[in-house]
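Read through the structure below, which is laid out as structure tokens, and then see the notes.
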Amino acid sequence: YVFVSSDGLNWREYHKKPIFSTMTECIDEEGKKLPDAVLGLDHMPSIFFDKNTNRYVIYLRANLALGCRHIMYSHSKDLINWSTPQLITCDPKFDIDGKQSFYYPAVYPYKKKYIAFPPHFKNRILDKQGHHRLYEEECTPVMISSDGLNWSIKDIILNCNTGKHLHQDHVVSYRKENKEDIIYVHEGFQTSNNRLVKYRVELGDI
């Protein structure tokens with residue numbers, strides 16, 4: 001659902017119907033229809049007004065298979081009518097069979113391009129039901145796109161080795177502060193030592 005507010009405290013519905021649901025049709029990188037109920041909505045999406053195209057864009061989570069999460073892209077002129085959510089492309093290629101996951105989109109406008117910091121991991125499924133898993137290759141790719149749909153990985157940061165679901169450090173915000181590039185990172189997530197840490201980063205010519 002979309003809500004609006006003039007002061008950030010008092011909110012009202014902007015539209016009576018949900019803009020996305022598990023019944024929303026989704027397509028893959030080539031435009032082919034994906035199975036029903038692929039859209040995952042138990043997370044914080046990335047949404048912003050794209051000044052490059054004068055429309056809103058949103059990045060949502062896709063549940064492609066047991067232990068495999070990916071990112072969907074959609075755009076809108078009015079926050080109500082949205083394009084069919086489509087899987088982003090990634091270079092190197094996203095490994096569905098290897099149980100690769102980008103868990104939260106974490107996408108932001110960056111100059112005339114777009115930057116993303118999605119937490120990454122791979123699932124090693126230890127039983128048929130998927131109740132027991134080992135989480136490996138926990139890190140955060142730094143991804144860049146010129147069109148918001150096709151992405152390339154430029155660097156890897158926040159390498160972790162927790163082995164547990166969603167315990168890895170992850171970026172919760174990126175912004176410009178006094179001409180510096182800043183990321184805020186949630187460290188020690190789901191532990192007694194969790195904290196929010198501010199980093200100044202040098203992104204270079206990307």
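All residue numbers in this chain count up from 1 along the given sequence. None of these values were measured; they are calculated from a predicted model.
- Under the 4.5 Å side-chain criterion, counting only non-hydrogen atoms from C-beta, Tyr110 is in contact with Tyr174.
- Using a 4.5 Å heavy-atom cutoff, the side chains of Arg124 and Glu136 are in contact.
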Item to check | Stepwise ring pair (Phe, Tyr, Trp, His ring centres under 6.0 Å) check, Phe102 with Phe94 | outcome: CA-CA 9 Å; Phe102 290 145; Phe94 187 83; 5.3 Å; yes
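- Separating the OH atom in Tyr184 from the CG atom in Leu196 is a distance of 7.5 Å, to the nearest 0.5 Å.
- Note on ring orientation: taking the six-membered ring where Trp is involved, the planes of Tyr73 and His75 are tilted (angle from 30° to 60°).
- In this structure, Tyr103 has its ring center under 6.0 Å from that of Phe121.
- With a 4.5 Å cut-off on side-chain heavy atoms, Lys198 and Glu177 count as touching.
- A distance of 7.0 Å separates CD1 of Ile144 from CG of Leu203, quoted to the nearest 0.5 Å.
- Aromatic rings from Phe189 and His170 are positioned such that their centres are separated by under 6.0 Å.
- Atoms CG and SG, on Leu149 and Cys90 in that order, are 11.5 Å from each other to the nearest 0.5 Å.
- Smallest separation of non-hydrogen atoms from Lys93 and Gln100: O-OE1, 4.3 Å.
- Between Phe49 and Tyr56, the ring-plane angle classifies as perpendicular under the 30° and 60° cut-offs.
- Here the closest non-hydrogen pair linking Leu158 and Val185 is CD1-CG1, 3.9 Å.
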